[in-house]
Amino acid sequence: MNPFAELPVVLSLKFLPYIMAGSMIGMFVGAMPGLTSATGLIIMLPLTFYMDTHVALGMLVSIYMSALCAGGLTAVFFNIPGTPQAAVTAIDGHPMTQKGLDNEAAGVVIGASFVGGFISYVILSTFIGPLGEIATKFGPIELFFTALLGMVCAAGVKTKYPLKGLAAGFVGFLLGTIGMSPMGSIRANYGILELMEGIPFIPILIGQLAMSEVLVLIEKETVVPKKLAAARNFKRLFKGIIYPYRKPVDMVIGSVIGAIVGIIPGEGATMASFLSYSRAKESSKRREEFGTGIPEGVMASELADNASTGGGLLTSLLLGIPGTGSCAVLLAALMLHGLQAGPMLIIKNPEVISRLLSSLFVANMIMVFFAIIVAYYIGILLFTPTKVLIPIITIFCTLGAYIIRNSVLDVWLMFIFAILGWWMRKYEYPTIALVVGLIVAPIADAELIRAHQIHHERLLIAMVSSPIALIMMGLNAALIYFMFRQWKWKVEDEE
Amino acid sequence: MTMKRERYGMGKYILTIAVMAILIVAFIGSASQAAEKYPSRPIRIYVPWSLGGSTDYMARAIQPFLKEVLGAPAVIVVNKPGGRSLVGVGAFARERADGYSIMIDDAASMGVAYLWTDKPPFDWNDFTALTQLLLDPRYMFVKKDSPYKDMNDFVEDARKNPGRLSVSVPAGSGAHWLMAYIKKVMNLPVSIVGYPGGGPASTAMLGGHVTGFFSEGLARAPLRDKLKAIGVSIPEKGTVFPEAEPMVQQRVFKEKGVTSLPGYEAAFNTAVLVHTELKKKHPDRYKKLLEAVFKVKDHPDFKKRAKDLNIDKVAVWYSPERSEEVRANALKDYQANKWIIDEMKKK
C-alpha cells in the first residue's frame, strides 16, 4: 500500500480544514484534565454523520493524535496529566518546569509526540497490508479467544482491582448478548422492540466515556484551580522540539516500544509510556537523575504515548476489537458510515485505509503547529469555566446518542449509563472495560456458535489444535494471573 | 455573584452566549428546512446484511447516484446484519414511513425471514418494491487452489468424509435455504455455517475456515482470482461466473434424480423496498423516489460504473408491478416448501 498516494487529496481544501479543526479540538480536550481524547472524538461524532467518510475519519484521527500530545503539555506545566496516558510525562516534566525549564520540557513533549506519531505512521502503513492477510487466518475459534482477550485486557490494564475490572468487563459482555442471537432467537429484550437488535454500543460508549466525565466535572467550577500565566520563549521551545534527534537510539527504541505495546487492546498508551520510561531509565547512565526533571524521561514517555496510536488502530481496523476508548469511537464512526472493521476492509476498501494513513501523516504535522500555540496560551485555555464546557459537551453527547437511530431510547440509555459510569469512576471500576465487553460480546457470541456449527462435538479438540487459539488462551491466562499477582503485591505493600 | 463576574470577565459570558446562539440558529435552521422540501435530511439505505455481500455491494453502487439525483444532503448505507436478517428488516419496519429510509433486500431471504416463525416482526405487505434491481443465481464457490473441479468432486469427497466438510452461507438467506434443500435431497453430510452476510461468509471460505461458500455471484466478481465457482443453481449458465456448470446437469445430481432446484428461479431477487404506507401518506415522496431510482439506472456515470462492477450482467430493473409479482411468486414458492425451513432449523 502506497502511503503517499492519497496525500494530494488530504492536502486539498475539502479535507485539510477538517484535519486542522480536529487538531484544535484534540488540543483542547487533551489539555483539559478530566476530558480524554475519546470525549473529543465523541463530541465530533454526530457532526461526522454529515461529512464524507474519509474526511470524517481524517478529522477523528487528528483529534486522537493531538489530544495525546496536549495531555503531555498539561502534565509538564501543572503536574496534572491532561489525559490519563500523560501521567508518566509528569514524572520528569513537572520537575523540569520547577527548575525553570518549562519551555524546553514543552518542546520535548511536542517534538517527541511528533516523532512517535511519525514512527507509528510508518509502522501502520508498513504492516497493515501483510497483517491483513494474517488476519484472515483468524477463524471462528481464534476470533472467539481474541475477543475474550480484548475484554480481559481492558479489564486488567488500568485498574488497581482486577476483580472490579473483570466484573465491569463481564457486565458489558452480558449486556452485549441482549437482543437477537446470530441464529435469530430473541434474548432478554423484555418485550422492548428497539432492544431486539441488541443494546446499541454507541450511546453506551458516549454515556460511559464522555457524559460520565461531565458528571465528574459538575463538582468543579473550573478545571484547574488557579489561573496561571505562562510567558513562553520560542527559541527555548524549539530547542526542546529538536531534542529527540540528538538521541536517535532512544528515539527509535521508545517509539518501537510504543508501537508494539499499542497493539495490545486496553489503554495501550498508558502502559506503553510507562514501559518506555522504565526502559529509558534502566539503560541510562543518568539513572539516578530520572524523576528529578530531565528531558530523557519526558521524551521516553511522550514518544511511546503517540507511537501507540498506530498499534491501537491496527488491532481495531484489522480485527474490529478496539484497544482504547478513542479506537472504539473510531469503530463507531466507521459503522456510522456503513463500513465495518475487519480484514476485508483492507481488501475491499483500501482507499479508506490509505486516506486514513495520509490523514495521520498530515495530522501529525499540523499537531506541532497547534501544540506550539497551546503551549503559549495553555493558562487561559484551562481556565474555561465548567459552566461553559458542560452544556456544550452535554448537547453533543445527547445529539450523538440520538442521531444514530433517531431513537429517544438511545438518549435515555446514554444518560443511564452516564450515571452508572459516574458511579463506576467513584468506586474505581474501569468504564472502558464495560464498553469493550459490550463491543466484543456479539463477536465472541457469534464466533462460538459458528465454531460449533463447523466442529460440532469435536469443538474442544479443534480449540486445542489451533496454534493461534492456544496463544490467545495462554495470553488470557497469563494476563489474569499477572493482574491478580500485581494486586496481591499492592495489598501487601499497603499492609 | 459580582465577585465571580469580575473573576471571569465579560469575555467569557459573551463567548457562552455566542456559542449558544450559534447552536440555536443551527437547530432552527435545520428544522425550518425540513418543513420546506424533501429530501432535506440524510436518507438511509437499510441493508439487513453485513458489509461485502451482494445486497451491500448493490446499495453502495447506487448510493452516490441516488444522492445526486435526489439532491439529498447525504445518502447513507446502514448495515444492520444479524439474526438471520431479522435485525435489519425489523429495524426498517419500525422506521417512520416518511421516505427517509429505504431498504435493499432479496425477496427469497425475506420469504425465509417471514416464514421462519409464526410471529414475524414485520408483515409481508408492510413493504412494496420500487424496482427489482438484480436477478443473480447462486453459485457454489471454493478456493481457487482447491482440488474440487465441479460439484461431483465436492459431493463425493463430502460423502467420503462425513461431517468434515463445511459450507458457509449468509444465515437465513435464500442461499441458506437452497443449501439446506441441497443437503437434504442429496443426502450430503456437510455442516452449514451461518454468517451475517455474504462478505464474512466468503472471507471465512478464503481464510480456509470452511470448505465451500454458497451464495450469489455479483459481489464475488472482484474476488475472481481468489475463488472459483463449481456449480450454479439455475438450469443454464450464470452471467457473472459463466464457467460454472449448472448443478442439475452434473452427474451427482442426475444420479439422485434432482432435475430442478426450488425457490423462485433459484436466484437472488434483490429489490429496492419502501414502506407501503409511504404511497398513501406521502405520494409525492414515493413518486420522487421511484423516479430517482430509474434516473440512477439511466445515469451515464452509473452505466459506466455498473459495467466496471459487473452489475450490468445481472441487473434487471423491473417495473414496480413486475417486481411485486416476483415478490408474490417468491413467497408462494417458499410457502409451498415450508419443510425446508424446518430443515434449516436443524443443526
Side-chain angles (χ1 to χ4, degrees), chain A residues 49-53 135-143 179-186 193-194 196-198 221-222 227 335-345 347-349 383-385 387-388 391-392 395-396 403-407 442 446 449-458, chain B residues 4 7-8 12 15-16 19-20 23 42 45 47 50-52 56 59-60 63 73-74 76-88 90-91 94-96 100 113 116-117 121 163 166 168 171-172 191-196 199-200 202-204 206-210 222-223 226 345 347:
Chain A
F49 208 53
Y50 296 93
M51 288 178 196
D52 176 67
T53 313
T136 59
K137 296 272 171 280
F138 278 62
I141 295 175
E142 291 84 2
L143 275 173
M180 205 168 271
S181 82
M183 291 316 285
S185 47
I186 296 166
L193 274 178
E194 272 138 317
M196 209 173 79
E197 53 190 277
E221 204 164 275
T222 51
K227 201 166 187 168
M335 227 174 72
L336 269 183
H337 286 269
L339 295 168
Q340 213 154 16
M344 279 325 245
L345 184 69
I347 297 165
K348 290 217 164 149
N349 302 78
F383 207 57
T384 315
K387 63 178 163 190
V388 174
I392 297 176
I395 288 172
F396 280 105
I403 208 161
I404 291 130
R405 299 195 296 176
N406 291 345
S407 151
I449 288 179
R450 263 169 229 139
H452 185 257
Q453 281 177 337
I454 295 174
H455 300 287
H456 302 288
E457 64 278 8
R458 292 187 304 273
Chain B
K4 265 187 199 166
R7 243 171 60 213
Y8 292 137
K12 294 290 180 295
L15 181 74
T16 318
V19 169
M20 286 309 194
L23 285 171
I45 306 180
V47 172
S50 55
L51 199 87
D56 177 71
R60 274 161 214 284
Q63 171 199 12
I76 296 156
V77 178
V78 182
N79 296 77
K80 286 228 184 265
R84 312 181 322 262
S85 84
L86 270 182
V87 167
R94 287 194 305 280
E95 276 281 345
R96 265 182 240 126
Y100 283 105
W116 189 282
T117 59
S166 49
S168 64
S191 310
I192 299 179
V193 186
Y195 278 85
S202 56
T203 313
L206 295 174
H209 310 298
V210 290
L223 301 172
K226 293 201 170 90
K345 287 179 187 169
K347 279 280 137 52

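Note on B:Glu95, B:Arg94, B:Arg60, B:Arg96: by heavy-atom pairs under 4.5 Å with chain A, the leading option is B:Arg94. When B:Gly82, B:Gly194, B:Ala171 are compared by the number of non-hydrogen pairs under 4.5 Å with chain A, B:Gly194 comes out ahead.
When heavy atoms are compared at a cutoff of 4.5 Å, B:Ile192 approaches chain A solely by way of its backbone atoms N, CA, C and O. For a residue to count as touching a neighbouring chain, one of its non-hydrogen atoms must lie under 4.5 Å from one of that chain's; by this rule B:Ala204 does not touch chain A. When heavy atoms are compared at a cutoff of 4.5 Å, B:Arg84 approaches chain A by way of both its backbone and its side chain. In this structure, the portion of B:Pro121 lying under 4.5 Å from any heavy atom of chain A is its side chain and not its backbone. For chain A, the nearby parts of B:Pro196 are the backbone and the side chain; heavy atoms of each come within less than 4.5 Å. Neither the backbone nor the side chain of B:Ser85 comes within less than 4.5 Å of any heavy atom in chain A.
The line from CG of B:Leu86 to CE of A:Met180 is 4.5 Å long, rounded to the nearest 0.5 Å.
A:Ile454 pairs in a side-chain contact (heavy atoms from CB on, under 4.5 Å) with only one of the listed residues (B:Ser166, B:Ser168, B:Ser191), which is B:Ser166.
Pairing each heavy atom of A:Arg450 with each of B:Val193, the nearest pair is CG-CG1, 3.4 Å. Summarising the geometry of B:His209 relative to A:Thr136, their closest heavy-atom pair is NE2-O, 2.9 Å, with the distance given to 0.1 Å.
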